[in-house]
Amino acid sequence: GAVVSQHPSWVICKSGTSVKIECRSLDFQATTMFWYRQFPKQSLMLMATSNEGSKATYEQGVEKDKFLINHASLTLSTLTVTSAHPEDSSFYICSAGNFGRNTEAFFGQGTRLTVV
Amino acid sequence: DAKTTQPTSMDCAEGRAANLPCNHSTISGNEYVYWYRQIHSQGPQYIIHGLKNNETNEMASLIITEDRKSSTLILPHATLRDTAVYYCIVRGGGGSNYKLTFGKGTLLTVNP
């Protein structure tokens, strides 16, 4: 399958600071990228969908000013958690696909964010 | 997207076939059945997908009933590394329907 890489794999930050997570499609051009959040022992929850060059579409209840998403190129999307608080501590996972060519989406390895 | 129902957990002996069922009785004609799995603390891994015909790849086989209201994922020779949460997801085939909505999935435990 196609390769999607996330960086960093884990990050610890202080409350009130911002953290940026990168998601890259390494061997294909991703027309669409998705960002998910997963709390312990729960399933993945979709946060937002982004198409290259367009503003992200956020799911209900997700604050767009807190979770800034940029999808400036066909191989890179970033999620910035602004003014992070301990309750933002979670496992963040990106997914990417080129839906003009096929219908599968591929996932990054995830980023464990801990806010202290 | 149609909702899916999966057992919460299953056990399988190493080397035996693992058969994971999924009900999707409200699936519509243009919706696909996708299977992903998530090994602890990793991102989900794509396994297989299908519309109405049975599918097979190097990882698994997907059997979809004729009425498309249920399907079964088959891992032919389960190994300990197949222990994971398996998600059955029904998704539209185009437009803005490419997003995947995850349910609780089935925790498959492969025992030695």
A quick test of your reading: do over 12 heavy atoms of other residues, nucleotides or ligands sit less than 6.0 Å from NZ of B:K69?
no
Quick one: does B:Y46's side chain have a donor or acceptor within less than 3.5 Å of a partner on A:A2's backbone?
no
A:S43 versus B:Y87, closest heavy-atom pair with distance:
OG-CE2, 3.5 Å
Indicate if A:L76 and A:V11 have the same hydrophobic cluster label, given that clusters are the connected sets of ILVMFWY residues with side-chain heavy-atom separations under 4.5 angstrom.
no
Are A:F34 and B:F102 close enough, and set up right, to give a ring-ring contact (aromatic ring centres under 6.0 Å, His included), and what steps lead you there?
CA-CA 13 Å; A:F34 306 91; B:F102 286 78; over 10 Å; no
Determine whether B:I89 and B:I74 fall in the same hydrophobic cluster, where Ile, Leu, Val, Met, Phe, Trp and Tyr are linked whenever their side-chain heavy atoms lie under 4.5 Å apart.
no
Say whether A:Y92 and A:M33 are linked into one hydrophobic cluster, either directly or through other cluster members, by side-chain heavy-atom distances under 4.5 angstrom.
no
Which answer fits A:L44, side chain, backbone, both or neither, if we ask what part of it has an atom under 4.5 Å from a heavy atom of chain B?
both
Consider only side-chain heavy atoms of I, L, V, M, F, W and Y, link residues closer than 4.5 Å, and tell whether B:I63 and B:V33 are in one cluster.
no
Residue pair A:F91 / B:Q42: nearest heavy atoms and the distance that separates them
CE2-O, 3.7 Å
Measuring heavy-atom distances to chain B, does A:Q38 have an atom under 4.5 Å in its side chain, in its backbone, in both, or in neither?
side chain
For B:S41 and A:R112, what are the C-alpha separation, side-chain angles and deciding distance, and is it a side chain to side chain contact (heavy atoms under 4.5 Å, CB included)?
CA-CA 9 Å; B:S41 294; A:R112 176 76 56 193; 3.8 Å; yes
For a quick test of reading the model, state the closest non-hydrogen atom pair linking A:I93 to B:P44 and the distance between them.
CG2-CD, 4.0 Å
Select one option (side chain, backbone, both, neither) describing which atoms of B:Q45 are under 4.5 Å from chain A's heavy atoms.
neither
Going hydrophobic residue to hydrophobic residue with side-chain gaps under 4.5 angstrom, can you get from B:L75 over to B:I64?
yes
Please round to the nearest 0.5 Å and tell me the distance separating atom CD1 of B:I48 and atom CD of A:E104.
10.5 Å
Distance (rounded to the nearest 0.5 Å) between B:T101 OG1 and A:E59 CD
7.0 Å
